[in-house]
Amino acid sequence: KAGVTQTPRYLIKTRGQQVTLSCSPISGHRSVSWYQQTPGQGLQFLFEYFSETQRNKGNFPGRFSGRQFSNSRSEMNVSTLELGDSALYLCASSLAGAGETQYFGPGTRLLVL
Amino acid sequence: KNEVEQSPQNLTAQEGEFITINCSYSVGISALHWLQQHPGGGIVSLFMLSSGKKKHGRLIATINIQEKHSSLHITASHPRDSAVYICAVPNQFYFGTGTSLTVIP
């Protein structure tokens, strides 16, 4: 069974631009969660989607948004990028929710200049 | 105060040593998750446990629900165990800041 995939793996953007990251979960998994990881803050929860609905949301500004498609693939979007958005963005999938074992993708490393 | 606290933050050990990483949490949990992150970013799930003890190879995880404390033990540590170990409360999306382990040959 293929693992969680994320695209792109690396991205360089400038302040003010927007970016869209993609996550394909393990086949059959309906829950996708997104996390931001920075050296100073560690792993922080962004949001969780289940069956195309946002089920949980972390404490991030509205510039961070996401969606999930009918095939469970998920995208997250960050608008009006700031330098502080430079981070590793990870998604994780599970069968039914974050309370189960989650399987993480390799991450997308975003650098904002 | 963080909802999930880990100690130590950094740990250096000689190959073969017994290692313990601690995790304390202040919230109610349905289960606690131990994760391993190698340089380069990939995260692997090690254990999900809600009571007692689990063992996988040289890794052992224990949890005491009453004391809100969990430990991850590595027996006969090896340089390939060098990684960041993170405990998490998955149902509430809280994470510890991680313990960076370096095992020296």
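Each chain gets a letter, A, B and so on, in the order the sequences are listed, and its residues count up from 1.
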Residues at least two apart in sequence or cross-chain that pass ring pair (Phe, Tyr, Trp, His ring centres under 6.0 Å) with A:Phe50, listed by chain then number, are none

When the 4.5 angstrom heavy-atom criterion is applied to B:Ile29 and chain A, the contacting part is neither

| message | Would you say the ring centers of A:Phe47 and A:Phe60 fall short of 6.0 Å from each other? | response | no

Here the disulfide bond (SG atoms under 2.5 Å apart) pairs for residues 36-76 of chain A, sequence neighbours left out, are none

Could you check whether A:Thr101 and B:His33, counting side-chain N and O atoms only, form a donor-acceptor pair closer than 3.5 Å? no

Applying a strict 4.5 Å limit to non-hydrogen atoms, the region of A:Leu43 in contact with chain B is both

Bottom line for A:Gln41: the part with an atom under 4.5 Å from chain B's heavy atoms is neither

